[in-house]
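Just so you know, these numbers use all the heavy atoms, side chains as well, and skip hydrogens, waters and symmetry mates.
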Amino acid sequence: VQLQASGGGLVQAGGSLRLSCAISGQSYSSWIMGWFRQAPGREREFVAAIRRTRPGTRTADSVKGRFTISKDNAKNTVYLQMDNLKPEDTAVYYCASKSENLMRPIATNAYDYTDWGQGTLVTVSS
């Protein structure tokens, strides 16, 4: 499985960035894709996730109202639109995927995700 993340960079507080993550080579026909982030000295934390097959997203309270996750199934790509960025959003952002289980809620624990992309650094200056 390959997860290719892109879109990170340096932005001033209050600015916006859009991250992209394309998945390929997966053995599972349907997926949940999520975004996690890890700041220096801190644990990896859940940001947002989305189902491929049906409407449904989950977003961390810390970014709710500022970050929006979306998908393009035709491109097998998930996006994270980040608006009104704050310095505390500075982190390496990772996309991850897992096989979708329609009987279970969208997972927010990093250990539930089986495939990970390389991180992309987001730096928000004050």
Side-chain angles (χ1 to χ4, degrees):
V1 179
Q2 288 191 328
L3 295 167
Q4 186 68 38
S6 61
L10 173 64
V11 65
Q12 288 189 328
S16 299
L17 282 174
R18 189 177 81 154
L19 306 183
S20 300
C21 182
I23 184 172
S24 62
Q26 73 278 14
S27 59
Y28 35 89
S29 60
S30 188
W31 40 253
I32 291 175
M33 286 181 67
W35 288 97
F36 292 78
R37 66 185 182 184
Q38 188 165 19
R42 301 189 65 176
E43 292 186 355
R44 191 167 297 188
E45 66 170 339
F46 172 78
V47 177
I50 191 167
R51 296 185 182 276
R52 185 184 190 279
T53 59
R54 61 172 61 171
T57 63
R58 197 162 179 183
T59 306
D61 288 343
S62 58
V63 304
K64 199 167 291 183
R66 301 188 297 120
F67 291 12
T68 303
I69 190 168
S70 62
K71 62 186 178 181
D72 184 334
N73 283 348
K75 297 181 179 180
N76 267 340
T77 299
V78 171
Y79 305 96
L80 185 68
Q81 177 66 40
M82 305 186 295
D83 297 318
N84 191 20
L85 282 160
K86 303 176 180 180
E88 52 263 41
D89 295 318
T90 295
V92 177
Y93 284 70
Y94 299 89
C95 62
S97 69
K98 64 184 296 293
S99 177
E100 182 177 15
N101 184 336
L102 296 176
M103 303 300 294
R104 299 180 66 100
I106 294 175
T108 61
N109 192 318
Y111 293 105
D112 288 323
Y113 288 77
T114 55
D115 301 293
W116 291 81
Q118 88 289 0
T120 184
L121 177 62
V122 172
T123 303
V124 184
S125 63
S126 57

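Panel note: side chain Ser97, backbone Met33; no donor-acceptor pair is recorded below 3.5 Å. Put simply, the side chain of Arg66 gets close to the backbone of Asn84: a donor and an acceptor are under 3.5 Å apart. Although no hydrogens or angles enter the test, the distance criterion places a donor-acceptor pair under 3.5 Å between the side chain of Tyr113 and the main chain of Ala107.
Expressed to the nearest 0.5 Å, how far CG of Leu121 lies from CG of Leu10 amounts to 9.0 Å. Asn101 contributes atom CG, which lies 8.0 Å from atom CZ of Arg51 (distance to the nearest 0.5 angstrom). How far CD of Gln12 is from OG of Ser126: 9.0 Å, rounded to the nearest 0.5 Å. Rounded to the nearest 0.5 angstrom, Phe67 CZ and Leu19 CG are separated by 8.0 Å.
Residues Lys64 and Asp61 are paired through a salt bridge, judged by an N-O separation under 4.0 Å between the basic side chain and the carboxylate.
Between Val122 and Met82, the shortest heavy-atom distance links the atoms CG2-CE, 3.8 Å. Closest non-hydrogen pair, Thr53 versus Lys71, comes out as N-NZ, 4.2 Å. In terms of heavy atoms, Gly119 sits closest to Val92 at CA-CG1, 3.5 Å. Taking both residues in full, the closest heavy atoms of Phe46 and Thr108 are given as CB-O, 3.3 Å, listed atom of the first, atom of the second, then distance. Ser20 and Tyr79 make their closest contact through OG-CD2, 3.3 Å (heavy atoms, listed as atom of the first residue, atom of the second, distance). Of all heavy-atom pairs spanning Leu80 and Ala48, the tightest one is CD1-CB, 4.2 Å.
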Discussion item. Does Asn76 form a side-chain contact (heavy atoms from CB on, under 4.5 Å) with Arg52? I'd like the steps, not just the answer.
Written reply: CA-CA 8 Å; Asn76 267 340; Arg52 185 184 190 279; 3.3 Å; yes
Worksheet item: Can Leu3 and Asp115 be said to form a side-chain contact (heavy atoms from CB on, under 4.5 Å), step by step?
Response: CA-CA 8 Å; Leu3 295 167; Asp115 301 293; 4.2 Å; yes
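Scanning for side chain to side chain contact (heavy atoms under 4.5 Å, CB included) contacts around Ser99 gives Tyr28, with sequence neighbours left out.
Note: Trp116 and Phe36 have tilted aromatic rings, judged against thresholds of 30 and 60 degrees for the angle between ring planes.
The closest side-chain heavy-atom distance from Val63 to Arg37 is below 4.5 Å.
Of the candidates Ile32, Ile69, Ile106, Thr68, Ile50 forms a side chain to side chain contact (heavy atoms under 4.5 Å, CB included) with just one, namely Ile69.
Counting non-hydrogen atoms of neighbouring residues, nucleotides and ligands closer than 6.0 angstrom, the CD atom of Gln118 exceeds 12 such neighbours.
Transitive grouping of hydrophobic side chains (ILVMFWY, heavy atoms separated by less than 4.5 Å) keeps Tyr94 and Trp31 in distinct clusters. A chain of hydrophobic side-chain contacts below 4.5 Å, direct or via other Ile, Leu, Val, Met, Phe, Trp or Tyr residues, connects Val124 to Trp35.
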